[in-house]
Participant: 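Mind having a look at this structure? Questions to follow.
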Amino acid sequence: MARALQLAKRGLYTTHPNPRVGCVIVQQGEIVGEGWHMRCGEPHAEIYALRAAAEKSAGATLYVTLEPCSHHGRTPPCADALIKAGIATVVIAMGDPNPLVAGRGIEKLKVAGIEVRVGVMQAEAAALNPGFVSRFTRGRPYVRCKLAMSLDGRTAMASGESKWITSSAARHDVQRLRARSDAIMTGVGTMLADDPQLDVRPEGVDELHLALAGETLRSPLRVIVDSTLRTPLASRTLALPGKKLIATAVEYSEILNQLQRKRVNVCRFSGSGSRVNLPLLLEYLAAIEVNELLIEAGPTLSGAMLQAALIDELVIYMAPHLMGDQARGLMTLPGLDSMAQRVSLKTKEIRAVGDDWRITLQPVAQ
């Protein structure tokens, strides 16, 4: 199963909106077939492994990181293929949260007389597909928020100058987060201040995954949270190819028609106080098959997402320098007046990236 998980990781940047899945077939203690899901619409991991094993599949044990599908989707059911190949035992890391499968694949295999075991390295398999699991169990994407700060927790000088807080090594590392994400979200404040591209560049992405992606990394959906439609028409994000979505709270604006002519999708998610309804926006993103969402925004949107309990993971790059008490803070978190109101976080990992530190944290449910 550990080998199957290694194979599944090869699809880290390419399987959207499908999960990353790996498969290994073993006959008399020897691996006779391997496979992983490469791209949506192409064969699943089990099919590639069965092709590699050929006649050696009969009577073999198959290890797969996700429950084999039992329905006709973009491809035929994998459960049927395993039965036809004569697989004797199927070891599954985790069940499929997709209600179209959700135990049906396991049941189909059992009815056919195949021995089935579930739960081997389940936590590792779930960690490989946090967005896929979140989309079907919570109705929203898995949300990461990337931030860069100085040692004293500052993200920009008082003037707004912020390039660059972190080193090139850290900025290259961010490309891996972007490459695995289905959508990148920012706020209109960042659009006005920095005019970002929100694109995925190959630097920082390891050669293996770049080769598997065909040397071209897909462009995630670019999402701009812009309550009053102030996004400049000449911004670099809007000029780039790929899908764009502006989430707004207004019904009409003079630039609405111009944005639509640029093939920018503008959707209204009205909330309180003329602000975008963020939970409703995440529900919409899940509905259009966004598994993993990366937030790269300023303190206002990042703080609002955190206070709304909509962030699953914080990835903070901390640079070894001081920017002073007049510089801008990490997040806007109004209403925190006492120590009891602190936002509690759990540290998952701290790792050096060049001269900086990458700190990965999870909010602690209150």
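Each residue takes its place number in the sequence, starting with 1.
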Participant: For a quick test of reading the model, state the closest non-hydrogen atom pair linking Ala148 to Thr155 and the distance between them.
Facilitator: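 Where Ala148 meets Thr155 most closely, the heavy atoms are O-CG2, 3.4 Å.
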
Participant: Surrounding CD of Glu349 (heavy atoms of other residues, nucleotides or ligands, distance under 6.0 Å), is the total greater than 12?
Facilitator: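 Atom CD in Glu349 is packed in, count exceeds 12.
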
Participant: With salt bridge (Lys or Arg N to Asp or Glu O under 4.0 Å) as the test, would you mind laying out the steps for Asp199 and Arg222 before giving the verdict?
Facilitator: CA-CA 8 Å; Asp199 59 346; Arg222 299 176 181 93; 5.7 Å; no

Participant: Less than 3.5 Å apart, which donor and acceptor atoms pair up between the side chains of residues 118-147 and the rest of the protein, not counting sequence neighbours?
Facilitator:
| residue | atom | partner | partner atom | Å |
| --- | --- | --- | --- | --- |
| Asn129 | OD1 | Arg20 | N | 2.7 |
| Asn129 | ND2 | Arg20 | O | 2.9 |
| Ser134 | OG | Arg138 | NE | 3.0 |
| Ser134 | OG | Arg138 | NH2 | 2.8 |
| Ser134 | OG | Arg140 | O | 2.6 |
| Ser134 | OG | Pro141 | O | 3.4 |
| Arg135 | NE | Asn291 | OD1 | 2.6 |
| Arg135 | NH2 | Pro17 | O | 3.3 |
| Arg135 | NH2 | Asn291 | OD1 | 3.3 |
| Thr137 | OG1 | Val133 | O | 2.7 |
| Arg138 | NH1 | Asp312 | OD1 | 2.9 |
| Arg138 | NH2 | Asp312 | OD1 | 3.1 |
| Arg138 | NH2 | Asp312 | OD2 | 3.0 |
| Arg140 | NH1 | Asp312 | OD2 | 3.1 |
| Arg140 | NH2 | Asp312 | OD1 | 3.2 |
| Tyr142 | OH | Glu313 | OE1 | 2.9 |
| Arg144 | NE | Glu313 | OE2 | 3.0 |
| Arg144 | NH1 | Glu292 | OE1 | 2.7 |
| Lys146 | NZ | Glu296 | OE1 | 3.4 |

Participant: What residue among Asp173, Asp356, Thr166 forms side-chain hydrogen bond (donor to acceptor under 3.5 Å, both in side chains) with Tyr317?
Facilitator: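 When Asp173, Asp356, Thr166 are each tested with Tyr317, the side-chain hydrogen bond (donor to acceptor under 3.5 Å, both in side chains) holds only for Asp173.
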
Participant: Can you list, pair by pair, the side-chain donor-acceptor contacts under 3.5 Å of residues 237-248, counting residues two or more places apart and other chains?
Facilitator:
| residue | atom | partner | partner atom | Å |
| --- | --- | --- | --- | --- |
| Thr237 | OG1 | Pro196 | O | 2.5 |
| Lys244 | NZ | Leu238 | O | 3.4 |
| Lys244 | NZ | Leu240 | O | 2.4 |
| Lys244 | NZ | Gly242 | O | 3.0 |
| Thr248 | OG1 | Asp226 | O | 2.9 |
| Thr248 | OG1 | Ser227 | O | 2.8 |
| Thr248 | OG1 | Val250 | N | 3.4 |

Participant: Could you tell me which non-hydrogen atom of Val290 sits nearest to which non-hydrogen atom of Ala183, and how far apart they are?
Facilitator: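 Where Val290 meets Ala183 most closely, the heavy atoms are CG1-CB, 4.0 Å.
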
Participant: More than 12 non-hydrogen atoms from neighbouring residues, nucleotides or ligands closer than 6.0 Å to CG on Asp195, yes or no?
Facilitator: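 Correct, the count exceeds 12.
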
Participant: Cys23 and Leu7: which non-hydrogen atoms are nearest, and at how many Å?
Facilitator: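 Smallest interatomic distance, heavy atoms only, reads O-CD1, 3.5 Å.
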
Participant: Could you identify which residues cluster with Leu192, counting Ile, Leu, Val, Met, Phe, Trp and Tyr as linked when any side-chain heavy atoms lie under 4.5 Å apart, either directly or through a chain of such contacts?
Facilitator: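 Cluster partners of Leu192: Val188.
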
Participant: Check Leu50 against Ala85 and note the closest heavy-atom contact, atom names and distance.
Facilitator: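 Closest approach of Leu50 to Ala85, heavy atoms only: CD2-CB, 3.7 Å.
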
Participant: When rounded to the nearest 0.5 angstrom, what distance separates CG in Leu301 from CG in Leu278?
Facilitator: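 Between atom CG of Leu301 and atom CG of Leu278 there are 6.5 Å.
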
Participant: With sequence neighbours left out, write down each residue that passes salt bridge (Lys or Arg N to Asp or Glu O under 4.0 Å) with Arg275, or none if nothing qualifies.
Facilitator: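 Applying salt bridge (Lys or Arg N to Asp or Glu O under 4.0 Å) to Arg275 gives none.
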
Participant: Taking transitive links into account, so neighbours of neighbours count too, which hydrophobic residues share a cluster with Trp164 at under 4.5 Å side-chain distance?
Facilitator: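 Via sub-4.5 Å side-chain contacts, Trp164 links to none.
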
Participant: Can Arg154 and Asp325 be said to form a salt bridge (Lys or Arg N to Asp or Glu O under 4.0 Å), step by step?
Facilitator: CA-CA 8 Å; Arg154 305 297 173 173; Asp325 59 355; over 6 Å; no

Participant: Is it the case that more than 12 heavy atoms not belonging to Gln341 sit under 6.0 Å from its CD atom?
Facilitator: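 Buried by this count: over 12 neighbours within 6.0 Å.
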
Participant: Distance alone, cut at 3.5 Å: any donor-acceptor contact between the side chains of Arg3 and Gln6?
Facilitator: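 There is such a pair between these side chains.
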
Participant: List the atom of Asp152, the atom of Gly324, and the distance in Å for their closest heavy-atom pair.
Facilitator: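 Here Asp152 and Gly324 meet closest at OD2-N, 3.0 Å.
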
Participant: Can you pull the salt bridge (Lys or Arg N to Asp or Glu O under 4.0 Å) pairs that have at least one residue in residues 81-102, sequence neighbours excluded?
Facilitator: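 Sorted result for residues 81-102: empty, none.
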
Participant: Between OH of Tyr13 and CD of Gln175, what distance do you get to the nearest 0.5 Å?
Facilitator: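 Between Tyr13 OH and Gln175 CD, I get 10.0 Å after rounding to 0.5 Å.
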
Participant: For a quick test of reading the model, state the closest non-hydrogen atom pair linking Ala297 to Gly187 and the distance between them.
Facilitator: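 That closest heavy-atom pairing would be CB-N, 4.0 Å.
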
